[in-house]
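Please read the structure below before turning to the comments.
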There are 2 protein chains.
Amino acid sequence: MHKYTGQERFLLAADCIIFGFDGANIKLLLIHRGLEPMKDHWSLMGGFVQKNETPDEAANRVLEDLTGLKNVYMEQLHVFGAPDRDPVERTLSIAYFALIDIHKYEKQLTHEHHAEWFELNELPELIFDHNEMVKMAKKQLRYKAALHPILFQLLPEKFTIPQLQALYEGIYQSKLDDRNFSRKLLSTGLLIKLPEKEKLSSKKGAFYYKLDQSNYLENFEAFLNFIPNPDRFFKD
Amino acid sequence: MHKYTGQERFLLAADCIIFGFDGANIKLLLIHRGLEPMKDHWSLMGGFVQKNETPDEAANRVLEDLTGLKNVYMEQLHVFGAPDRDPVERTLSIAYFALIDIHKYEKQLTHEHHAEWFELNELPELIFDHNEMVKMAKKQLRYKAALHPILFQLLPEKFTIPQLQALYEGIYQSKLDDRNFSRKLLSTGLLIKLPEKEKLSSKKGAFYYKLDQSNYLENFEAFLNFIPNPDRFFKD
DNA sequence: TCAAAAGTGTTACAACTACACCCATGG
DNA sequence: CCATGGGTGTAGTTGTAACACTTTTGA
């Protein structure tokens with residue numbers, strides 16, 4: 001059965017750091033633990049990797065269980081493997097971060113799991129090393145978003161430029177110049193202007209845009225450089 | 001004993017993608033397998049994660065076993081976890097990539113392990129999914145080196161600017177303008193000029209420089225932007 | 001008619017690229 | 001004394017940041 005004899009075998013978990021954007025703030029989806037250990041504490045959603053499952057599949061399964069969403073933007077972040085990170089039994093965790101359109105998730109599922117959205121700067125204490133995971137995910141999100149057009153993943157199909165700008169401003173906690181922002185954005189050729197306007201948040205109304213899917217993949221690696229001096233944001 | 005009952009447990013390996021630079025070419029350190037399966041094939045150096053060891057410790061142990069080197073620049077790359085990636089038994093591998101000064105490793109150790117340095121574009125076929133790991137590591141090296149001053153790790157304490165330029169040119173497989181290169185480099189404030197010259201590779205001799213260690217850590221996150229249009233290198 | 005947000009244009013400055021010449025020295 | 005690689009200076013271009021005004025329309 002075990003062909004590599006004499007070697008230790010480990011439990012493997014996939015934990016998901018799930019970001020969402022409600023139009024004003026970036027949020028994180030956390031679950032309230034119903035059982036011991038650490039009952040009544042907040043935690044990331046996670047699950048064990050199964051026998052014939054890749055870690056990516058495990059992470060996608062966990063995410064779907066919680067939100068009902070498939071085909072979500074998700075990337076492997078880091079393996080957390082301190083021997084004592086889980087007090088019950090040694091478990092290594094592969095952390096993933098996911099970006100979802102907050103309006104698409106299925107509320108009844110998050111309810112079943114006692115999940116709640118938290119603002120990034122109002123996070124509760126989390127179990128185990130989940131605080132550290134979130135910290136790394138926030139850093140990685142800022143890093144990646146400064147270089148690649150991933151933040152679209154947090155918005156609905158149709159979105160306006162002011163919405164997108166609010167998202168960037170939220171993530172970098174700083175005000176951006178609207179004139180320069182829209183110029184840079186449109187110059188990427190990633191957006192297609194739609195004939196409709198969004199009229200809820202202003203009287204004049206802002207045109208909707210959608211992603212140009214073909215250009216998106218091609219230009220994914222291209223640097224956007226929306227954020228002046230991006231390095232100042234990567235400190236921690 | 002097992003407190004999370006009914007869950008599968010997995011073998012975990014740490015595999016190291018070890019880059020070195022000999023002054024002219026970037027190379028990869030590979031070992032020649034002495035045992036089945038895949039006897040006589042080439043592979044990355046790896047080892048199983050042990051009972052009370054973090055993955056990072058395992059990777060450092062593996063690296064030290066092969067090269068005799070400690071405190072080497074190393075970062076976690078990615079977990080490879082396809083169920084059938086190891087034909088013997090399911091094993092997940094955490095891939096690490098390391099940058100070492102090729103002149104510092106201990107030759108007798110690499111000899112014991114039947115290790116050899118290969119040029120990046122003359123790599124043999126590797127076992128399992130190691131080809132894929134190397135491909136990802138190469139991409140990550142280009143990515144990271146375009147943004148952060150990590151390539152110094154491949155050079156000795158003292159190095160000249162032409163040496164460093166040869167390294168960048170090797171990694172990006174393209175000629176860089178020497179005037180612009182040295183200007184950008186010196187403008188980072190990361191280098192300290194030494195009074196000595198290296199006289200082997202030219203008649204005039206090139207001044208040695210060393211890293212300013214204090215500035216190095218502070219400026220690590222700063223973008224260097226040595227490579228014009230870095231995105232063209234990240235395609236694969 | 002006015003408040004509030006959307007959208008566009010211009011100018012000054014900084015960064016980058018491209019390019020040509022001088023320097024030092026071993027053979 | 002000349003071939004070889006090291007080192008520096010400059011001008012033209014491009015990209016970015018800073019800034020002010022007009023447009024639209026619901027209340």
Side-chain angles (χ1 to χ4, degrees), chain A residues 23-24 146-147 149 155 158-170 172 174-210 219 222-233, chain B residues 23-24 146-147 149 155 158-170 172 174-210 219 222-233:
Chain A
L147 302 172
L155 292 171
K158 298 188 301 186
F159 51 85
T160 67
I161 291 183
Q163 279 169 7
L164 196 52
Q165 182 171 343
L167 176 49
Y168 274 89
E169 292 180 344
Y172 296 101
S174 61
K175 193 90 191 81
L176 300 176
D177 185 288
D178 40 328
R179 313 181 267 279
N180 294 333
F181 183 82
S182 69
R183 181 145 20 98
K184 278 189 188 176
L185 197 61
L186 294 172
S187 76
T188 63
L190 284 172
L191 297 190
I192 298 172
K193 193 174 190 168
L194 299 177
E196 322 147 60
K197 278 190 166 186
E198 189 270 347
K199 308 270 292 181
L200 295 170
S201 51
S202 78
K203 297 174 179 171
K204 184 176 179 184
F207 279 105
Y208 277 117
Y209 286 80
K210 66 171 183 178
N219 293 11
F223 287 35
L224 290 177
N225 205 20
F226 283 124
I227 310 303
N229 308 316
D231 50 302
R232 70 194 149 117
F233 297 113
Chain B
L147 302 173
L155 292 171
K158 297 187 302 185
F159 51 84
T160 66
I161 291 182
Q163 278 170 7
L164 195 52
Q165 183 171 343
L167 176 51
Y168 274 88
E169 291 180 344
Y172 295 101
S174 59
K175 191 93 192 77
L176 300 176
D177 185 287
D178 38 330
R179 312 179 267 279
N180 295 332
F181 182 82
S182 70
R183 183 146 19 99
K184 278 188 189 176
L185 197 59
L186 294 172
S187 76
T188 62
L190 285 172
L191 296 191
I192 297 172
K193 193 175 191 168
L194 299 177
E196 322 147 60
K197 278 190 166 186
E198 189 269 346
K199 310 268 295 180
L200 295 169
S201 51
S202 78
K203 299 176 178 172
K204 183 175 179 182
F207 279 105
Y208 278 117
Y209 286 81
K210 66 171 184 178
N219 293 11
F223 285 34
L224 291 176
N225 205 20
F226 283 123
I227 311 303
N229 306 317
D231 50 302
R232 71 194 149 118
F233 297 114

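Here is how names work: the chains are called A, B, and so on, in the same order as the sequence lines, proteins then strands, and each is numbered from 1. Every value quoted in this text rests on a predicted model; they were computed, and no experiment measured them.
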For A:G205 and A:D177, take the nucleotide of DNA chain D holding the closest heavy atom to each; which residue's nucleotide lies nearer the 5' end?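 So the residue in question is A:D177.
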
Nearest whole angstrom, please: distance from the [atom2] of [N] to the [atom1] of [X].
{"X": "B:L186", "N": "D:dT8", "atom1": "CG", "atom2": "C1'", "result": "11 Å"}
{"X": "A:D178", "N": "D:dT16", "atom1": "CG", "atom2": "C1'", "result": "16 Å"}
{"X": "A:Y209", "N": "C:dA6", "atom1": "OH", "atom2": "C1'", "result": "10 Å"}
{"X": "A:L191", "N": "C:dG7", "atom1": "CG", "atom2": "C1'", "result": "15 Å"}
{"X": "A:K193", "N": "C:dT8", "atom1": "NZ", "atom2": "C1'", "result": "11 Å"}
{"X": "A:L164", "N": "C:dG7", "atom1": "CG", "atom2": "C1'", "result": "16 Å"}
{"X": "A:I161", "N": "C:dA5", "atom1": "CD1", "atom2": "P", "result": "17 Å"}
{"X": "B:Q165", "N": "D:dG5", "atom1": "CD", "atom2": "C1'", "result": "12 Å"}

Compare every heavy atom of B:A166 with every heavy atom of B:G23, then report the nearest pair and how far apart it is.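 Smallest heavy-atom distance, with atoms named: O-CB, 4.2 Å.
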
Return yes if some donor-acceptor pair links the side-chain N/O of [X] with the main-chain N/O of [Y] below 3.5 Å, else return no.
{"X": "A:E198", "Y": "A:F159", "answer": "no"}
{"X": "B:Q165", "Y": "B:L176", "answer": "yes"}
{"X": "A:Y172", "Y": "A:A146", "answer": "yes"}

Side chain of [X] only, please: which of [options] is the nearest?
{"X": "B:R179", "options": "D:dG7, C:dC19, C:dG26", "value": "C:dC19"}
{"X": "A:K184", "options": "D:dT16, C:dC16, D:dG6", "value": "D:dT16"}
{"X": "B:S182", "options": "D:dG7, D:dT25, D:dT8", "value": "D:dT8"}

Test for a donor-acceptor pair under 3.5 Å between the base of [N] and the side chain of [X], counting only N and O atoms.
{"X": "B:N180", "N": "C:dA18", "answer": "yes"}
{"X": "A:K204", "N": "D:dT23", "answer": "yes"}
{"X": "B:R183", "N": "D:dT10", "answer": "yes"}

B:K203 vs A:S202, nearer the 5' end of DNA chain C by closest nucleotide: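 That would be A:S202.
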
Comparing B:K197 and A:S201 on DNA chain C - which has the more 5′ nearest nucleotide: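 Its nearest nucleotide being more 5', the pick is A:S201.
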
Does the ring of B:F207 carry B:K197 above it, NZ/CZ under 6.0 angstrom from centre and within 45° of its axis?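 Yes, B:K197 and B:F207 form such a contact.
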
Tell me what B:T160 touches on the nucleic acid: a base, only sugar-phosphate, or nothing, going by heavy atoms under 4.0 Å.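 B:T160: no heavy atom of the nucleic acid under 4.0 Å.
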
